[in-house]
Amino acid sequence: MSETQQMNAAQGSDDPVKYLTPGARAAAAGGRYATISAVFVGILLISNVVAVKPIAFGAIPLGEFSLPLVFDGGVFLFPLAYILGDVLAEVYGLKASRRAIFTAFALALVASLTILAVQVSPPADGWENQEAFSAVLGFVPRIVAASLVAFLGGQLLNAWVLDRMRRRTSGRFLRTRLIASTVAGQLIDTLLFCTIAFAGVITGLDFVMYVVLGYVVKVLAEVVLLPVTTRVIRAVRAAEERSA
């Protein structure tokens, strides 16, 4: 054995983990959780930005009446937050799931306050889009409150129901648990957001359909993507078990 090989053997260079700092080891051990949490937070922030726009996809004719198809912009992406929330709660448990939810909540609040600071700051000479900025991206207290309250209530309930049912069923009936937690969480989320954000702005039958359709679409998205959700949960759980 050469002198270099002897030195490497003495120092344990065959085990790269020994050369990692405590922080680097922690990051390597929790890499999947960190990635899923980061995507979870990103989806929330993007959804909050686009949710300010109500979208009309026509109407369903019913004799003399028609049911308007009205959604908010978050309908495209926000269901994915619940799928990732299911992964966090099912694989990492209620405590870790709550940590990601509170982190997302805090960053959404920071984003809203940052938008407010930019909105009230004086525009530079030659920039003529202040009114457009305020109208589209500006701080709207009702939307901010609706997004934060609805997200926190819905996600916490979703994680709690999934965790409680997992304990009661000893980890069985995954698909049933995923659907049940989504039905409960999305109900609270949709009712809180729609009521706080758009009650009085969208009125009458339009408001009723906005609430009902928003809820139905989000739940259906979970059901349609259920095979994907279950595969991701199993894959992440298996990877974490191998790492452990």
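Nothing fancy with the numbering, it's 1 onward along the sequence.
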Engineer: Where do I188 and G153 come nearest, in terms of heavy atoms and distance?
Structural biologist: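 Nearest heavy atoms, I188 then G153: CG2-C, 4.1 Å.
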Engineer: To the nearest 0.5 Å, tell me how far Q186 CD sits from L157 CG.
Structural biologist: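 Those atoms lie 10.5 Å apart.
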Engineer: Would you give the length of the straight line joining atom OG of S147 to atom CG of L109, rounded to the nearest 0.5 angstrom?
Structural biologist: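 Those atoms lie 11.5 Å apart.
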Engineer: Please check: side-chain N/O of R172 versus main-chain N/O of T169, any donor-acceptor pairing under 3.5 Å?
Structural biologist: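 Yes, because the side chain of R172 sits within donor-acceptor range (under 3.5 Å) of the backbone of T169.
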Engineer: Supply the atom-to-atom distance F151 CZ to N158 CG, rounded to the nearest 0.5 angstrom.
Structural biologist: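 So the gap between those two atoms works out to 10.0 Å.
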Engineer: Does the side chain of Y33 come under 3.5 Å of the side chain of E240 through a donor N or O and an acceptor N or O?
Structural biologist: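 Judged by distance alone, the side chains do not pair up.
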Engineer: Taking all non-hydrogen atoms of both residues, which atom of L45 and which atom of A111 are closest, and how far apart?
Structural biologist: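 So the two residues come closest at CD2-CB, 4.3 Å.
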Engineer: Look up atom OG1 in T203 and atom CZ in F198, then write down how far apart they are to the nearest 0.5 Å.
Structural biologist: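 The distance works out to 13.0 Å.
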Engineer: Look up atom CE in M165 and atom CH2 in W160, then write down how far apart they are to the nearest 0.5 Å.
Structural biologist: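 Those atoms lie 10.5 Å apart.
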Engineer: Scan residues 80-101 for pairs that pass salt bridge (Lys or Arg N to Asp or Glu O under 4.0 Å), counting only residues two or more places apart or in two chains.
Structural biologist: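 Salt bridge (Lys or Arg N to Asp or Glu O under 4.0 Å) check on residues 80-101 returns E90-R177, E90-R237.
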Engineer: Looking only at heavy atoms, what is the nearest atom pair of S181 and V161, with distance?
Structural biologist: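 What the structure gives for the nearest pair is CA-CG1, 3.7 Å.
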Engineer: Using modelled atom types and a 3.5 Å cut-off, is there a donor and acceptor pairing between side-chain atoms of T195 and backbone atoms of L192?
Structural biologist: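 No; judged by distance alone, with no hydrogens or angles, the pair does not exist.
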Engineer: Quick check: closest heavy atoms across S134 and Q119, and the distance to 0.1 Å?
Structural biologist: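 That closest heavy-atom pairing would be OG-CG, 3.6 Å.
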Engineer: Measuring from atom CD1 of I233 to atom CG of L162, what distance do you get when rounded to the nearest 0.5 angstrom?
Structural biologist: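 Here the interatomic distance stands at 7.0 Å.
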Engineer: Do any N or O atoms from the side chain of Q155 and from the backbone of A150 form a donor-acceptor pair under 3.5 angstrom?
Structural biologist: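 No, Q155 side chain to A150 backbone: no donor-acceptor pair under 3.5 Å.
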Engineer: Can you give me the closest heavy-atom contact between S47 and L77, atom names plus distance?
Structural biologist: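 Closest approach of S47 to L77: OG-CB, 3.8 Å.
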Engineer: Answer whether the closest heavy-atom distance between the side chains of S37 and L88 falls below 4.5 Å.
Structural biologist: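 Touching, per the 4.5 Å side-chain cut-off.
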Engineer: Could you tell me whether the side chain of I179 reaches within less than 4.5 Å of the side chain of L226, counting heavy atoms only?
Structural biologist: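 The answer is yes, as the side chains (C-beta and beyond) meet within the 4.5 Å cut-off.
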Engineer: Between T230 and P227 (side chain of the first, backbone of the second, donor and acceptor by atom type, cut-off under 3.5 Å), is there such a pair?
Structural biologist: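 Judged by distance alone, yes, a pair lies under 3.5 Å.
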Engineer: Any heavy-atom pair between the side chains of L80 and F40 that's under 4.5 Å?
Structural biologist: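 A side-chain contact is absent here, since even the closest heavy-atom pair is not under 4.5 Å.
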Engineer: Does anything in residues 210-219 form a side-chain hydrogen bond (donor to acceptor under 3.5 Å, both in side chains)? List the pairs, not counting sequence neighbours.
Structural biologist: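 Pairs touching residues 210-219 that pass the test: D72-Y210.
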